[in-house]
Protein chains: 2
Amino acid sequence: MKILIVEDEQPLLKSITSYFSEENYVCEGVATFNEAIEKVHLYDYDCILLDITLPDGNGLKILEALKAQKKAQGVIIISAKNSLDDKINGLDLGADDYLTKPFHLSELNARVKAVIRRKKFDTNDVIELGNIQINLLQRVAFANQTPLNLTRKELDILLHLIANKNYVVSKSSLAEQLWGDHIDQVDSFDFLFTHIKNLKRKLSGASARVEIKTVYGIGYQLLET
Amino acid sequence: MKILIVEDEQPLLKSITSYFSEENYVCEGVATFNEAIEKVHLYDYDCILLDITLPDGNGLKILEALKAQKKAQGVIIISAKNSLDDKINGLDLGADDYLTKPFHLSELNARVKAVIRRKKFDTNDVIELGNIQINLLQRVAFANQTPLNLTRKELDILLHLIANKNYVVSKSSLAEQLWGDHIDQVDSFDFLFTHIKNLKRKLSGASARVEIKTVYGIGYQLLET
DNA sequence: CTTCAACAATGAGAATTTTCATGATTTACA
DNA sequence: TGTAAATCATGAAAATTCTCATTGTTGAAG
């Protein structure tokens, strides 16, 4: 997951960046209107955190620019508490969520997760990746026309990996996805290993053109092949 | 679950009330400061939705009153969009969440759920009910000192029933609790019946002083005996 | 008071999930 | 490099969860 943080207050920018880096996001932070415009044209992000009160231009302009190119990233607007009317404008212009300062980083985190999820999955009921197709409504997956017969947990893992395609997903992130907040510190990832093994077997058995690469000590990474 | 809605705009009050009734909450709605104060002193609520711009007094006063008596209900403040500074005051005065108009009822619903959950469970790691004890951290349950050996799903069901003690919990509500948003419309509750059966067996087997009463056509209800 | 249809309980078996013991790989570091 | 410790893969067994067929119950309508 890659996010762009547009924020002119340096301390806040730093704390957001370090928080989300900690959460295993790839973060880029910029402090000015021009940098933001440039980044947005050059790279793809999964989510953009946008402070709309920038010194060299109104952040809403960036929102318009984002809408013009139609990439699939989510946008969360951050604003100072005295500019609330921007909320209406921002949401109208296509932002996905809105947060006023001051806020807790955990709240921002929750919203980023929600926005990314919505963007990735909610709109289309069928996900395609390489020769894999997943019908989210029926929760069934195919590789070429043939069903993969994934179990619930296997599908959950696959979806989480697809949502973070090309990025390394930590074991604890996967565990959280599978088990919600039931357990804070999982003492063993045995069950994960097993599910990953079975998932890999089914995928390669159906000659799916994806690879689940294991990243030693960290987690797993899904790549198209 | 019982909630009090304090809101002077009649149409909004009605729509909130009907929405949450639909969601199987017991709702009471009042439109004035005095009514609210009275209700709050007479009854216990799990959550109070509080519009702080009332005609006959500032809603924040109610918050103070709530803090004075220390019942365990959650409070969510609702305010018009131009009174944002109330947010700080409200949260300082002990509100649990804050929402500005206009909002989606589903968002309000999500926050109510979150607040109730936090209030019910997060603070103390051990729940007691009758002769039942549940350690939430280890997720183990006892009746008198002996372990009930509940499985994950059984414990989830029991917790959801305890959270709604004395109220009838619909089957779909339980199913959602067990399965998250995986399935929208469950076609069969067979798995629920089975888990309930096993849970009942384990509870009575350990002579726990609670009863899971089945409410024909609706769901289940947990009572102390 | 019956009868009927919808709903719920039950037990058995199938499928999935989890645990565990063992063996293979990777990495750090001497 | 070589070795040890940590991490991961694997297969089999145990535990849990889910499905299904059957039986029992409930409440509404005649």
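Residue numbers start from 1 in every chain, and the chains themselves are labelled A, B, ... in the order their sequence lines are given, proteins ahead of strands.
- Nearest nucleotide to the side chain of Lys171(B), out of dA9(D), dC20(C), dC7(C): dC7(C).
- For Arg152(A) and dT16(C), the CZ to C1' distance is 8 Å, given to the nearest whole Å.
- Heavy-atom nearest nucleotides on DNA chain D were determined for Gly217(A) and for Asp190(B), and the one closer to the 5' end corresponds to Gly217(A).
- Separating the CG atom of Leu178(A) from the C1' atom of dT19(C) is a distance of 16 Å, rounded to the nearest angstrom.
- His160(B) and Ser173(B) are linked by a side-chain donor-acceptor pair at a separation below 3.5 angstrom, with hydrogens and angles left out of the test.
- Set against dA9(C), dT25(C), dT17(C), the side chain of Tyr216(A) has dT25(C) as its closest nucleotide.
- Interface remark: the Ser188(A) side chain does not form any donor-acceptor pair with the dT19(C) base, using a distance-only criterion of under 3.5 Å.
- One atom, CD1 of Ile196(A), and another, P of dT17(C), lie 13 Å apart when rounded to the nearest Å.
- In this structure, Phe193(A) atom CZ and dC8(D) atom C1' are separated by 5 Å, rounded to whole Å.
- For Thr214(B), the listed nucleotide lying nearest its side chain is dA9(C); candidates were dT7(D), dA9(C), dG11(C).
- Going from atom CZ of Phe189(A) over to atom P of dT19(C) covers 12 Å, rounded to whole Å.
- Within 4.0 Å of Ile218(A), counting heavy atoms only, lie sugar-phosphate atoms of the nucleic acid but no base atom.
- Atom pair Leu192(A):CG and dC8(D):P shows a separation of 10 Å (rounding to whole Å applied).
- Under the salt bridge (Lys or Arg N to Asp or Glu O under 4.0 Å) rule, Glu224(B) has a single partner from Lys165(B), Lys213(B), Arg209(B), which is Lys165(B).
- The aromatic rings of Phe189(B) and Phe191(B) are tilted relative to each other, their planes meeting at an angle between 30° and 60°.
- Backbone-only engagement by His195(B) is indicated by non-hydrogen atom pairs under 4.0 Å involving sugar-phosphate atoms exclusively.
- The CD atom of Glu154(B) sits 8 Å away from the P atom of dT16(D) (whole-angstrom rounding).
- Each of dT17(C), dG11(C), dT19(C) was ranked by its minimum atom distance to the side chain of Lys197(B); first place goes to dG11(C).
- Residues Lys202(B) and Thr151(B) meet the side-chain proximity criterion, which asks for heavy atoms closer than 4.5 Å.
- When distances are taken from the side chain of Tyr220(A) to each of dA8(C), dC20(C), dC8(D), the shortest belongs to dC8(D).
- Take the nearest nucleotide of DNA chain D for Lys200(A) and for Asn149(B): the residue whose nucleotide is more 5' is Lys200(A).
- Between Ile212(A) and Lys200(A), the shortest heavy-atom contact is O-CE, 3.1 Å.
- Note: NZ (Lys202(B)) to C1' (dT16(D)) measures 9 Å, nearest angstrom.
- With hydrogens and angles ignored, no donor-acceptor pair under 3.5 angstrom links the side chain of Thr151(B) to the base of dT17(D).
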